[in-house]
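First comes the structure, then the notes that go with it.
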Amino acid sequence: MYRSHNCGALRIDHVGQEVTLSGWVQIGRDLGGMTFVDLRDRYGITQLAFNMDDNADLCEQARKLGREFVIKVTGIVNERQSKNANRPTGDIEIKVSHLEVLNASKTPPFTIENETDGGDDIRMKYRYLDIRRNPVKENLIFRSNLAIETRKYLAGEGFIEVETPNLIKSTPEGARDFVVPSRMNANQFYALPQSPQTFKQLLMVAGMDKYFQIVKCFRDEDLRADRQPEFTQIDCEMAFVTREDVLNTFEGLTKHLFSTVKNITLDDFPKMSYDEAMRRFGSDKPDLRFDMEFIYLNEQLKGKDFVVFDGAENIIGIVVKGIADEYSNKDLKKLTEWVQRPQIGAKGLVYVKHHADDTIKSTIGKFFSEEELRSVLSHCGAEKGDTLFVLCGETEKTRKQLNELRLEMGRRLGLMKEGDFKPLWVIDFPLLEWDEESERFHAMHHPFTSPKAEDEERMLNGDHETMKSLRADAYDLVINGSEIGGGSIRIHDRELQSKNLDLLGFSKEEAEAQFGFLLGAFEYGAPPHGGIAFGFDRLCAVLNGQSSIRDFIAFPKNNQGRDIMIDAPSPIDDEQLTELRLDLVKQEE
RNA sequence: AGUAUCGUGACUCAACUGGUAGAGUGUCCGACUGUCUCUCGGAAAGUUGCGGGUUCGAAUCCCGUCGGUACUGCCA
């Protein structure tokens, strides 16, 4: 027997019992006459006590233990003479009578402690040691709880979990596919799924009614802190539903998860159209933890012979509370440079400071009288101490830039408070997106998304401009400015689906070759259906107020998509290549 | 692919912006009978990622390269 209890289990009531514990040596404290060893496992830390007077040999053995040795001990639970209130097991210790080293350990490259993590590269290389650390360990436990509660809730709602294949067919739409050569079918390839999209729709045609799956998805695109090449979705599809049914189900799921895993009760989620989100916040995933809403200032600021404003399509501002006296000219210059960085690309930054002493200072003082500036400030609801920031230019770009500034100011002023959760449904996304480069439409969500019922007629007959204005029955859940997931009501009519593929630039033959199986299925009684998918990794991170999903994944990949620990991807044998009938092209430059 | 930033003992960082590479943690040795980040004494440990260049002199400046991270492009 390796253990009768774990290292987090023993309390004062166990005093007198003989127990056996196994675990890792966290640290030893050698006091000469006696030695204490902290024994750690997933559940906690228990102190082991060795005394020279009781058993000198054993005490000598304990002194020789190094960090991260795996040991097994047997002994009597004793009440401590000096207790440690900081640990759940702090009232007791084990008076060890038997010690066995199950496995020695080299000194780890970084110490297994909450704070003293090494750099990212060394943590990833020794991920199995990193996971021994409390923060990472707890993240993985949190993830597990979230998955278990998701299954509980959806099962309770009558959903069934169906697995879909990982070796599927490559499609040109959307992200790049990871591709797997087929040995048995020479010169042909599977693709790993970017999502189980078509399969879950086929399950609806198959009458499975309410499907879900916690499933790995794969996209061969560049990585970010919140993006991995393989990631996990809570994927779901329902038949005979409207948008409201889908939203209600997943609002219910989200509330359930917050309440069971975080003990937080969420109010009903507000809804906002895509257009409104873009207009008020310049983003399709606005962070509603703070306001700083956009204020449109064409009327107030145009026609005063300031060419920059007069030539702009739109002039938009935000009011930042209470920084007028805090931000020096130098600070504002730095902020201006910040918005001028190529990543944001604003031409300049106009500000109007309303100081606490009621004076006004502005970059556009030359072009506007003080009275005019005061009137603008009051139009914007700015008070003493506030600063109005203004960007101008082409509407879409300006909104995007001002969104970045808004988020930056929110960060600087500490308005993104930990423990504050502001969910939002963004609805009525555009159906199609015009891509200048390829001169064709892309599906904004995906090619199976249904237009809103009232737009269906226009979709069938409209011209190019009409197509740009079509709205889809598509929706995203946004929490604290992070896109948690999205979905749509799907097309279930063969003709409408064909039309949509046609708009997306597929010829009849291409459409048949790529999606024939789905179009065919639609001819055998496809029910109206819709669904949604949540990014599971991102949900874990957002619930914990973190922006990186890596520490919620046991073995994540780095920026280059590499697994540092196992060193993948890697070359393969010539034999394997031959078997797969693959030739490698020499890399040039 | 681009931009920014970082790379210094095992780990985390410092080194006055060009003038003898240091500290904490860890490791090793020794002392210590109630510690719990034990304490105290001592020791070992560095080709400053790599390759060039400028200079009397480079961790520091320049060029290149490799690697980490963040962002942009990209990601229905």
Side-chain angles (χ1 to χ4, degrees), chain A residues 26-39 45-54 56 59 63-64 66-68 78-87 89-91 93 95 106-126 129 171-177 194-195 197-198 217-229 231 337-338 341-345 400 404 407-408 429-433 435 437 441-449 472 474 476 483 486-488 500 504 533 535 547-548 550 558-560 562 564 589:
Chain A
Q26 175 71 27
I27 193 171
R29 288 178 293 279
D30 176 10
L31 274 64
M34 54 192 318
T35 291
F36 299 103
V37 172
D38 284 345
L39 189 67
I45 289 182
T46 297
Q47 174 165 289
L48 312 177
F50 300 85
N51 196 314
M52 276 298 193
D53 291 344
D54 296 338
C59 203
R63 283 186 182 194
K64 292 201 187 91
R67 280 177 194 267
E68 301 308 312
N78 261 1
E79 181 170 4
R80 288 204 206 180
Q81 280 179 35
S82 49
K83 293 177 179 161
N84 183 348
N86 298 322
R87 273 188 196 147
T89 61
D91 286 348
E93 67 193 3
K95 189 179 169 188
K106 294 209 284 189
T107 303
F110 50 88
T111 43
I112 313 302
E113 283 170 349
N114 292 359
E115 302 299 331
T116 61
D117 51 340
D120 277 41
D121 40 355
I122 198 149
R123 286 179 52 205
M124 289 308 153
K125 185 169 177 193
Y126 299 96
L129 298 181
T171 57
E173 271 287 312
R176 291 183 188 87
D177 284 318
Q194 298 173 26
S195 83
Q197 184 58 39
T198 49
C217 302
F218 307 86
R219 292 177 192 176
D220 186 10
E221 295 292 345
D222 287 6
L223 276 50
R224 289 284 190 281
D226 63 348
R227 260 195 258 155
Q228 285 272 304
F231 60 100
E337 282 163 6
W338 186 85
R341 282 161 50 225
Q343 275 91 338
I344 299 185
K400 211 176 154 198
E404 295 294 339
L407 292 174
E408 176 67 10
F429 276 78
L431 181 69
L432 304 168
E433 219 175 2
D435 181 44
E437 214 170 294
F441 281 113
H442 282 279
M444 186 137 180
H445 185 54
H446 59 50
F448 317 109
T449 301
D476 276 0
E483 183 193 325
S488 62
N500 201 31
L504 294 172
S547 50
S548 172
R550 283 188 199 163
N558 76 1
N559 259 358
Q560 310 303 319
R562 299 200 66 87
I564 298 296
E589 215 174 346

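These values consider heavy atoms only, across backbone and side chains, with no hydrogens, waters or symmetry-generated copies. Residue numbers begin at 1 in each chain, while the letters A, B, ... track the order of the sequences.
Only the P atoms considered, B/G18 is 16 Å distant from B/C63, to the nearest whole Å. Using C1' as the reference atom, B/G9 and B/U48 are 10 Å apart when rounded to the nearest Å. On the P atoms, B/C50 is 14 Å away from B/C11, given to the nearest whole Å. Comparing the same atom, P, in B/A44 and in B/G24 gives a spacing of 15 Å after rounding to whole Å. Nucleotides B/G67 and B/C28 place their P atoms 35 Å apart, quoted to the nearest Å. Taking atom C1' in both B/C61 and B/U55, one finds a spacing of 10 Å when rounded to whole Å. Going from the C1' atom of B/U3 to that of B/U20 covers 38 Å, rounded to whole Å. Only the P atoms considered, B/G52 is 14 Å distant from B/A59, to the nearest whole Å.
Side-chain contact between A/Gln47 and A/Ile45 is absent, with no heavy-atom pair separated by less than 4.5 Å. Contact annotation: the side chain of A/Leu223 approaches that of A/Pro229 to within less than 4.5 Å [non-hydrogen atoms, C-beta and beyond]. The side-chain heavy atoms of A/Phe231 and A/Arg219, taken from C-beta on, include a pair separated by under 4.5 Å.
Counting distance only, with no hydrogens placed and no angle test, the side-chain atoms of A/Arg219 and the base atoms of B/C75 include no donor-acceptor pair under 3.5 Å. Within 3.5 Å, a donor on the side chain of A/Arg80 pairs with an acceptor on the base of B/C36, or the reverse. Evaluation of atom-type donor-acceptor distances gives a pair under 3.5 Å for the side chain of A/Asp30 against the base of B/C32. Side-chain to base pairing of A/Glu113 with B/U37: no donor and acceptor N or O lie closer than 3.5 Å to each other. Contact of A/Asn84 with B/C36 (side chain to base): a donor-acceptor pair of N or O atoms is detected under 3.5 Å.
Rounding to whole angstrom units, CE of residue A/Met52 and C1' of B/C32 are separated by 11 Å. Atom CD1 of A/Ile122 is separated from atom P of B/G68 by 14 Å (rounded to the nearest Å). Here B/A70 presents its P atom at 16 Å from CD of A/Glu404, a figure rounded to the nearest Å. To the nearest angstrom, P of B/U35 lies 18 Å from CD1 of A/Ile45. Separating the CG atom of A/Asn558 from the P atom of B/G67 is a distance of 10 Å, rounded to the nearest angstrom.
A donor-acceptor pair is defined here as one N or O able to donate and one able to accept, closer than 3.5 Å; no such pair exists between the side chain of A/Arg123 and the backbone of A/Leu129. Side-chain atoms of A/Asp91 never come within 3.5 Å of backbone atoms of A/Lys83 as a donor-acceptor pair (strictly under, hydrogens ignored). At distances below 3.5 Å, at least one donor-acceptor pair connects side-chain atoms of A/Gln26 with backbone N or O atoms of A/Ile112.
Picking from B/G26, B/C71, B/C36 the nucleotide with the shortest atom distance to the side chain of A/Thr107 gives B/G26. Minimum atom distance to the side chain of A/Leu31 is reached by B/C38, of the listed B/C36, B/C75, B/C38.
Among the protein residues, A/Ile27 comes within range of the sugar-phosphate backbone only, with heavy atoms under 4.0 Å from sugar or phosphate atoms but none that close to a base. At the heavy-atom level, A/Lys83 lies under 4.0 Å from base atoms of the strands shown. Among the atoms of the strands shown, base atoms are found under 4.0 Å from some heavy atom of A/Asn559. Residue A/Gln343 is classed as a base contact, given a heavy-atom separation below 4.0 Å to a base. Backbone-only contact: A/Gly174 has heavy atoms under 4.0 Å from sugar-phosphate atoms and none from a base. The residue A/Arg67 sits close only to the backbone: its heavy atoms come under 4.0 Å of sugar-phosphate atoms, none of a base. When heavy atoms are screened at a 4.0 angstrom cut-off, A/Gln560 is found touching the sugar-phosphate backbone but no base atom. Using a 4.0 Å heavy-atom distance criterion, A/Thr449 is classed as making no nucleic acid contact.
With a 3.5 Å ceiling on both atom-pair distances, B/A59 lacks any Watson-Crick or G-U wobble partner.
Checking the phosphate oxygens (OP1, OP2) of B/U72, a side-chain nitrogen or oxygen of A/Arg224 falls inside 4.0 Å. OP1 and OP2 of B/C29 both lie 4.0 Å or more from every side-chain N or O belonging to A/Lys64. Close to B/U35, at under 4.0 Å from its OP1 or OP2, lies no side-chain N or O of A/Arg29.
Between A/Arg227 and A/Asp222 there is no salt bridge, since no side-chain nitrogen of the basic residue lies less than 4.0 Å from a carboxylate oxygen of the acidic one.
Taking the nucleotide of RNA chain B with the nearest heavy atom to each of A/Phe448 and A/Arg550, the more 5' of the two is matched to A/Arg550.
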